[in-house]
Amino acid sequence: MTTEELSALAYQNAPAPKGLEPCALLCYEALRGVYQLHRAGLLPEETAKSRKGDLAKAYAGAQRQRDLSRTAYAQYQEAIRRAGTRKSEIVLAFQAGKPAEEILPLCLDCIATMTGEDAFPQLCQKAGERAKKEEIDR
């Protein structure tokens, strides 16, 4: 629900709509309080307008934060799903008797998925190449 919609309902002193998210409910009740105080003559018009603007900004910020949290949670859930898939592939590879050279990339990808470091497999590959080069140079 938008701030304008919440404000219109609060202005009418209507009961809070059912099913509002907690942040929307808090914004609604605060707006309703601002309108009530203004009507009672306890809050000057300019102060009421300022508080209404502050509430609108806070509500918009809370909605952005909620959206960011939902996105992060979805990414976290996807990483868990991918790591579970990789773990199954690793177990199946061991059961099939595949060589370590085939299993290692699956392990590295699983670690990268669990830690959120997508570059981890490439980092390990480069480290292995450097180690081989140093061994040859000796």
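These numbers come from the heavy atoms of this one structure, side chains and all, not from hydrogens, waters or symmetry mates.
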Which pairs would a plain distance check flag for residues 116-125, meaning a side-chain donor or acceptor within less than 3.5 Å of a matching protein atom at least two apart in sequence or in another chain?
residue, atom, partner, partner atom, Å
Q125, NE2, E129, OE2, 3.4

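Here R64 pairs with A60 under the side chain to side chain contact (heavy atoms under 4.5 Å, CB included) rule; sequence neighbours left out. By the side chain to side chain contact (heavy atoms under 4.5 Å, CB included) test, L26 pairs with no residue at all, sequence neighbours left out. Under the side chain to side chain donor-acceptor pair (under 3.5 Å) criterion, Q75 pairs with no residue at all, not counting sequence neighbours. The side chain to side chain contact (heavy atoms under 4.5 Å, CB included) test applied to A48 returns V34, H38, L43, not counting sequence neighbours. Among residues two or more places apart in sequence or in another chain, the ring pair (Phe, Tyr, Trp, His ring centres under 6.0 Å) test is passed with Y35 by Y11. Residues meeting the side chain to side chain contact (heavy atoms under 4.5 Å, CB included) test with L42, sequence neighbours left out: L37, A40.
Residues in residues 34-45 take part in these salt bridge (charged side-chain N to carboxylate O under 4.0 Å, His left out) pairs, two or more places apart or across chains: E45-K49. Pairs passing the salt bridge (charged side-chain N to carboxylate O under 4.0 Å, His left out) check and including a residue from residues 75-84, sequence neighbours excluded, read E78-R81. Counting only residues at least two apart or in different chains, salt bridge (charged side-chain N to carboxylate O under 4.0 Å, His left out) contacts with residues 19-29 comprise E21-R66, E21-R70, E29-R32. Residue pairs that meet the side-chain hydrogen bond (donor to acceptor under 3.5 Å, both in side chains) test with at least one member in residues 87-105, sequence neighbours left out, are R86-E89.
Within the hydrophobic cluster formed by Ile, Leu, Val, Met, Phe, Trp and Tyr side chains joined at under 4.5 Å, directly or through other members, I103 is accompanied by I90, F94, L106.
Using a 4.5 Å heavy-atom threshold, the side chains of Q12 and L9 count as touching. Annotation: side chain of S7 is in contact with side chain of K52 (closest heavy-atom distance under 4.5 Å).
When atom types are taken as modelled, the side chain of T113 and the backbone of D109 share a donor-acceptor pair closer than 3.5 angstrom.
When every heavy atom of Y59 is checked against every heavy atom of T2, the shortest pair comes out as CE2-C, 4.2 Å. Contact detail for A16 and L25: the closest heavy-atom pair is CB-CD1, 3.6 Å.
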